[in-house]
Engineer: 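Below is one structure. I have some questions about it.
All chains are named by letter (A, B, ...) in the order of the sequence lines, taking the proteins before the strands, and each is independently numbered beginning at 1. Heavy atoms only: backbone and side chains are in, while hydrogens, waters and symmetry mates are out.
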Amino acid sequence: MSGQLQFRDLTLGYDRHPAVHHLSGVVRAGSLTAVVGPNGAGKSTLFKGVVGAIKPLAGRIECNGTRPQDIAYLPQVADIDRTFPISVYDMVAMGLWRGKGPFGGIGRKDRDTVETALAAVGLTGFEQRPIGTLSGGQMQRMLFARLLLQDARVIVLDEPFNAIDSKTSADLLDLVRHWHVEQRTVLAALHDLDVVRANFPETLLLAREPVAWGATADVLTPDNMLKARRMCEAFDEQAEACVAVA
Amino acid sequence: MLVEIFSEPLNDVSVRHSLAAVLALALSAGPVGVFLMLRRMSLVGDAMSHAILPGVALGFLAAGLSILPMTLGGLAAGFLIAVLAGAVSRATALQEDASLAVFLLVSLAFGVVIVTVNGIDVEHLMEFLFGETAAKMNVDKLVVIAVNATISTVAFALIYRPLALDCVDPGFLRSVSRAGGIAHLIFLVLLVLNLISAFYALGTLLGMGIIIIPAAIARFWTRDISMMIVLAIVSALLSGLAGVLFAFHAGIPSGPAVTLVAGFGYVASVLFGRVGGLVWRLFPGRHLEA
C-alpha cells in the first residue's frame, strides 16, 4: 500500500516552541493508526498540522495527492456554537458539502443518505431537535454522522471518545472499524490503551518527540510508555534555536 | 375616524414613499439583523453606523444634500472599514470586535472633525441623525433604498449556507471550503448597504433599530433559523409601518417612532415569547412524561 501522508522531519508548534519535534514516518493508505501520548504530547498539534490548520515550523507533510477536502477532521473541542438555531438534520446534512457546495440542492437520494447516517449512529428520531438540546454523547454521535456523509479518504479523530459512555464509544468504535474495512485511512488520538490494543493495528507514541511508531504491540511496551511519561510538558522559555538534524 | 388614521397619510406622496421604503428595508434588513445577532455582532452594526459618518459627511460637503454622493461616500467608508477590520482580524491575532472598535473610533473621530470644521446646519443635522420629520421622504432616497434592498436580498440568498455554517461550526467549514471568509466579507458589505438604507429611512443614530430589534424579537418565538428570518422580516415590517404612521400623526422624526414601536414589540416578546419568554419561565406548566 502506498503512503497517504508522509511526515518528513516535521516540527509543529506555537510561537517557535515545538509541540511536535522532528517527526518522520509514513501513514499508509488504508491504515488504522492510534496516536497515543500524555497530555501535551502534541497529538492535537499533529492533527492540526495534517488538516492544514497550522503550518510546520520546520520539515513538511507530503500529501501524495491527498487534497485538503479529502481529509475529514473531528477536533477535540469542536468549535460549535450550540446556541445556534439549527436542527440535527441540517447539521448532519452539512457533511454533504463536498458534493453540494454552497448552492447544491438536497434531493430525495441525499435525504435518504442523511437518514441512513443518522440511523447508523443511533440518532433516528432526533432529526428536528435543535443541536443545543443534545447531550455530550448525542453531540458526538451527530458529528460522527456528519463524518459518515463526508465520505473522506482520510479521517482524523482527536480524542473522539472523551467523556463518552461505554455504549456510545463502542457504537462509534464500530464505525471506525468499518471505515478501516472500507480501506479509509484513519488517525485517532486516544487515551484508553485497552481500546487501542484491541482495535488499532498501528500506533504512534508521541511525547513531543516521536517515541515509537509501528505495530501496536511493539509500540505500547512498558519501556516506551515510561519514556513518554518522562516528557517535560512546559515550554522552555530560554530555549535556544534548535539545530538538530534528523 | 379609524380609517382616517390610515387614509390621511396615504394622501401624501412623500409618506407613501416612506411606507414603501420601510417595506423594502424590512425585507432586506430582517435576515441581516438575525445573522448579526447570531454572530454576536449586534453592537457591531451600531458601531459600523458611526464608521460610515465620515463618508456620508464628505459626500454631503462635496455635493450638498444630494443622495448619490452621500450614498457613495457612506458605502466607500463602510466597505473600507469592514474590509480592513476583517482583514486585520483574519491575518493577525487581534479579535474582530477589537479591530473593528479601533477602526470605528478612528473613523468616527475623523467624521466629527469633518463635520465640525465645515459646519453643518442644525436642521440638516437633525434629519441626518434621526430621519425625516413626519415621515416625508423624497423619491431619490426611496430609489436608493429599493436598489439596496434588491441587491441585499439576492446576495443574502446566495451566501446563506456558508454564512450559517460559518456561525455554527466555523472549524468544519474551514475544513471543507474557503467560502466562510468570503461569505463573512459579503455579509459585512450587506450590513453597510442596509445601514445606508436605514440612514435614509430612520437617520444615522437610530437606523440600526429596524435591523436588530426585529431579530431580537424573532429569537423569542422560534428555535428554527428559517422561521427566525421570516419573523424578523414580519416584525420589521409591522414596526416600520406602524412607526411611519406614528411619526406622521405625531409630527416626530421617523427614527425614534419606528424604534419605539419595535421596542414595544421587544418588551412584549421578552414577557410572552414562546421561546424563553419571562412568563413561560415563571409558569412553565407541569413537566411532561419521560
Engineer: Under 4.5 Å from any heavy atom of chain A, what part of Ala164(B) do you find: side chain, backbone, both or neither?
Structural biologist: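 Both backbone and side chain of Ala164(B) come within 4.5 Å of chain A.
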Engineer: Ring-plane angle category for Phe144(A) and Trp179(A), please: parallel below 30°, perpendicular beyond 60°, tilted otherwise.
Structural biologist: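 Taking Trp179(A) first and then Phe144(A), their aromatic rings lie parallel (interplane angle under 30°).
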Engineer: If I take atom OG1 from residue Thr168(A) and atom CZ from residue Arg141(A), how far apart are they, to the nearest 0.5 angstrom?
Structural biologist: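 Going from the OG1 atom of Thr168(A) to the CZ atom of Arg141(A) covers 3.5 Å.
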Engineer: Give, as side chain, backbone, both or neither, the part of Pro68(A) having an atom under 4.5 angstrom from any heavy atom of chain B.
Structural biologist: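 Answer is backbone: N, CA, C or O of Pro68(A) sit under 4.5 Å from chain B.
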Engineer: In terms of heavy-atom pairs under 4.5 Å, which option from Thr222(B), Leu163(B), Leu173(B) contacts chain A the most?
Structural biologist: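 Of the candidates given, the most pairs with chain A belong to Leu173(B).
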Engineer: Looking at Ala183(B), Ser177(B), Ser226(B), which has the largest count of heavy-atom pairs under 4.5 Å with chain A?
Structural biologist: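 Ranked by contacts with chain A, first place is Ser177(B).
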Engineer: Would Arg161(B) pass as a cation-pi partner of Phe103(A), given that its NZ or CZ must be under 6.0 Å from the six-membered ring centre and within 45 degrees of the axis?
Structural biologist: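 No, cation not above the ring by the 6.0 Å, 45° rule.
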Engineer: How many angstroms lie between atom CZ of Phe156(B) and atom CZ of Phe187(B), to the nearest 0.5 angstrom?
Structural biologist: 6.5 Å
Engineer: May I ask you to decide whether Arg174(B) forms a salt bridge with Asp166(B), counting only side-chain N to carboxylate O separations under 4.0 Å?
Structural biologist: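 The answer is no: the pair does not qualify as a salt bridge.
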Engineer: Hey, which of Arg82(A), Met94(A), Arg98(A), Gln69(A) has the most heavy atom pairs under 4.5 Å with chain B?
Structural biologist: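 Top count of heavy-atom pairs under 4.5 Å with chain B: Met94(A).
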Engineer: Can a donor-acceptor pair be found between the side chains of Tyr14(A) and Thr45(A) at a distance below 3.5 Å?
Structural biologist: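 There is such a pair between these side chains.
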Engineer: What part of Arg39(B) gets within 4.5 angstrom of chain A, counting heavy atoms only: side chain, backbone, both, or neither?
Structural biologist: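 No part of Arg39(B) comes within 4.5 Å of chain A.
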Engineer: Please flag which part of Gln150(A) lies under 4.5 Å from any non-hydrogen atom of chain B: side chain, backbone, both or neither.
Structural biologist: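 Contact with chain B: side chain only.
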Engineer: Can you tell which of Asp79(A), Leu74(A), Thr83(A), Val51(A) has the highest number of heavy-atom pairs within less than 4.5 Å of chain B?
Structural biologist: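 Most heavy-atom pairs within the cutoff with chain B belong to Asp79(A).
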